[in-house]
Amino acid sequence: MIRKVKGTRDILPPESRLWAAVEAEARRIFGGLGYEEIRLPLLEPTELFVRGVGEGTDIVTKEMYTFADRKGRSLTLRPEGTAGVARAFIEDGLAQRPQPQRLYYIGPMFRYEKMQRGRYRQFGQIGIELLGAATPSADVEVLLALHEFLAALGFDDLIIMLNNLGDPEDRPRFVARLKEELAPHKHELCRDCQRRWDENPLRILDCKVDTCHAIVAETTPIADIVSGEARAHVETVAAGLDALGIPVQPAPRLVRGLDYYLRTVFEVVSPQLGEGTVICGGGRYDRLISDLGGPPVPGIGFAIGEDRLVDVLPQTFRDRILGTRPVVILPLAAEATAPAFDCARNLTGHGIEVRIEVTGRSLRAGLKWATKLGARAAVILGPDEIAAGTATLRDLDRGEQEEVSLEKLPAVLMQDGPEVPSRRLP
Ligand code: HAM
């Protein structure tokens, strides 16, 4: 048997319905705020991520699927979406369109990571990017979009954590202060943090090892060190969110695993998955486009991990999507085949979900199959029904049945009222 590549997943029905429904909700909410879809290649030149995401990041040093193509060019399966959006913004001249540009994307990303619950090597992201606006209002809009999306899915327990990384000019000052405060404890830090000390000292701040965590908790937060302008920016964002009743939690030690961020950074965590498994990450990246050789265009955005999101979807949403119950159509004679398909066409045209029996089951076996599917009703088409231009409609919950003319069938089935949730994911 050929098995799938480690770290990839098969999303089977009915779970695939949840994915489709989440994506439809994203299109509705983000589309309503003026975000339009951008569809970008999964393959990009490796250099894009080295320069965009950052040479010293975990993504670039350890996690990229990089290979040479047949002509020896170094290509990488995209590990994230923002660098690609920035490349497209420059290459496709999006600066010439009305600003700001509001874009969203939905699709797979690839990172060579250690597998665990919620961590895969191919995973889905749903992201938005707002390009060409540097004001705190832009940040508020992006966080509003995030909040509205999560609320539409029925979440009420997710926490938005917010921090201020300051401007790149603030960074050396902060790193010097951090190292000074950590120096007496340097030997107590974990091995990874020993390595980070020189390579990427900011990452020591979000080490999940308990001892490191405790040591870091005593250090001065980066937000206390940043310049007045950056401080005012993020304070205005926080006040704007407060005015909208969007709860955020200050997270003074939140740093992100990608180098392009400045000022506003945020993550969303779920009490169900814990702080180690972040549902969404994002922030402001005002230098990314210019660092990649484009104009000085600011940006802010986020990406939600779709696998993780689907994993913790509220039960109400799952029930709404998975709870629909089909109507089965059972043709019991050769002459019933065409009427059965005609009936299916008629019912689906009225928004009624059907399953046609096409394997030649008997009435008994057909009804058993219908029950297994969780169907709410069976439309039985035998020789007598065909002769009379009717169907026998059997209510599978009550076990009652009645003769209904084929034209009246949709109306009778719709009288049954809203479809009752009956099935849950196994
Ligand atoms: P990120 O924090 O690297 O940010 O990824 C965003 C989200 O993708 C994470 O919060 C997580 O839910 C999901 N994710 C990441 N790696 C995995 C994995 N191995 N398995 C499952 N889910 C994963 C970015 O990618 C930025 N581009 C976000 C952004 C957009 N910033 C500004 N605009």
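Read the numbers this way: they start at 1 and go in the same order the structure lists the ligands and their atoms. Sequence positions, counted from 1, serve as the residue numbers for this chain.
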Can you report which non-hydrogen protein atom sits closest to [atom], along with the distance?
{"atom": "atom 19 (N) of ligand 1", "answer": "Glu113 OE2, 2.6 Å"}
{"atom": "atom 12 (O) of ligand 1", "answer": "Val278 O, 2.7 Å"}
{"atom": "atom 7 (C) of ligand 1", "answer": "Ala303 O, 3.5 Å"}
{"atom": "atom 18 (C) of ligand 1", "answer": "Phe123 CD2, 3.4 Å"}
{"atom": "atom 31 (N) of ligand 1", "answer": "Tyr261 OH, 2.6 Å"}
{"atom": "atom 1 (P) of ligand 1", "answer": "Arg256 NH2, 3.5 Å"}
{"atom": "atom 32 (C) of ligand 1", "answer": "Gly301 O, 3.2 Å"}
{"atom": "atom 5 (O) of ligand 1", "answer": "Gln125 NE2, 3.2 Å"}

Inset, instruction - Please indicate whether any nitrogen or oxygen in Glu80 is less than 3.5 Å from any nitrogen or oxygen in ligand 1. - result: yes
Inset, instruction - Please indicate whether any nitrogen or oxygen in Tyr120 is less than 3.5 Å from any nitrogen or oxygen in ligand 1. - result: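 Yes, Tyr120 has an N/O under 3.5 Å of an N/O on ligand 1.
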Legend entry - Working for salt bridge (charged side-chain N to carboxylate O under 4.0 Å, His left out), residues Arg256 and Glu267: CA-CA 9 Å; Arg256 305 254 313 119; Glu267 287 185 348; 3.0 Å; yes
Numbering as shown, the atoms of ligand 1 that approach [X] to under 4.0 Å (heavy-atom distance):
{"X": "Tyr105", "value": "30 (C)"}
{"X": "Phe302", "value": "29 (C), 30 (C), 32 (C), 33 (N)"}
{"X": "Arg119", "value": "19 (N), 20 (N)"}
{"X": "Leu258", "value": "3 (O), 4 (O)"}
{"X": "Thr82", "value": "26 (C), 27 (N), 29 (C), 30 (C), 31 (N), 32 (C), 33 (N)"}
{"X": "Gly282", "value": "31 (N)"}
{"X": "Gly281", "value": "10 (O), 28 (C), 29 (C)"}
{"X": "Ile279", "value": "10 (O), 12 (O)"}

Return the minimal non-hydrogen interatomic distance between [X] and [Y], and the atom names on each side.
{"X": "Leu75", "Y": "Pro45", "answer": "CD2-CA, 4.4 Å"}
{"X": "Arg78", "Y": "Pro108", "answer": "NE-O, 2.9 Å"}
{"X": "Val379", "Y": "Ala391", "answer": "CG1-CB, 3.6 Å"}

Legend entry - Lys368 NZ: over 12 foreign heavy atoms closer than 6.0 Å: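 No, because the 6.0 Å sphere around NZ of Lys368 holds 12 heavy atoms or fewer from other groups.
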Legend entry - Residue Glu36 excluded, over 12 heavy atoms near CD under 6.0 Å: no
Compile the donor-acceptor pairs under 3.5 Å between side chains in residues 48-55 and protein atoms, sequence neighbours left out, one pair per line.
{"residue": "Arg51", "atom": "NH1", "partner": "Glu47", "partner atom": "OE2", "Å": "3.0"}
{"residue": "Arg51", "atom": "NH2", "partner": "Asp291", "partner atom": "O", "Å": "2.9"}

Legend entry - Near-ring test Tyr35/Tyr104, centroid separation under 6.0 angstrom: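 So the answer is no for these two rings.
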With a heavy-atom distance limit of 4.0 Å, tell me whether [X] approaches ligand 1 through its side chain, its backbone, both, or neither.
{"X": "Cys280", "result": "backbone"}
{"X": "Glu267", "result": "neither"}
{"X": "Glu129", "result": "side chain"}
{"X": "Met109", "result": "neither"}
{"X": "Tyr260", "result": "side chain"}

Legend entry - Residues Arg325, Glu353: salt bridge by 4.0 Å N-O rule: no
Legend entry - Salt bridge Arg195-Asp192, side-chain N to carboxylate O under 4.0 Å: yes
Legend entry - From Glu113, Arg9, Arg111, residue fulfilling side chain to side chain contact (heavy atoms under 4.5 Å, CB included) relative to Tyr120: Arg9
Legend entry - Flag for Tyr260-Thr82: side-chain donor and acceptor within less than 3.5 Å: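 Yes, side-chain donor-acceptor contact under 3.5 Å.
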Legend entry - Under 3.5 Å side-chain donor-acceptor pair for Asp259 and Thr57: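 Note: Asp259 and Thr57 side chains miss the donor-acceptor criterion.
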Inset, instruction - Give a yes/no on ligand 1: does Gly257 have at least one heavy atom closer than 4.0 angstrom to it? - result: no
Inset, instruction - Compute the minimum heavy-atom distance from Phe110 to ligand 1 and say whether it is under 4.0 Å. - result: no
Legend entry - Where at least one partner belongs to residues 156-199, residue pairs that pass ring-ring contact (aromatic ring centres under 6.0 Å, His included), sequence neighbours excluded: none
Inset, instruction - Check whether any side-chain N or O of Asp307 sits under 3.5 Å from a backbone N or O of Phe123 as a donor-acceptor pair, and report yes or no. - result: no
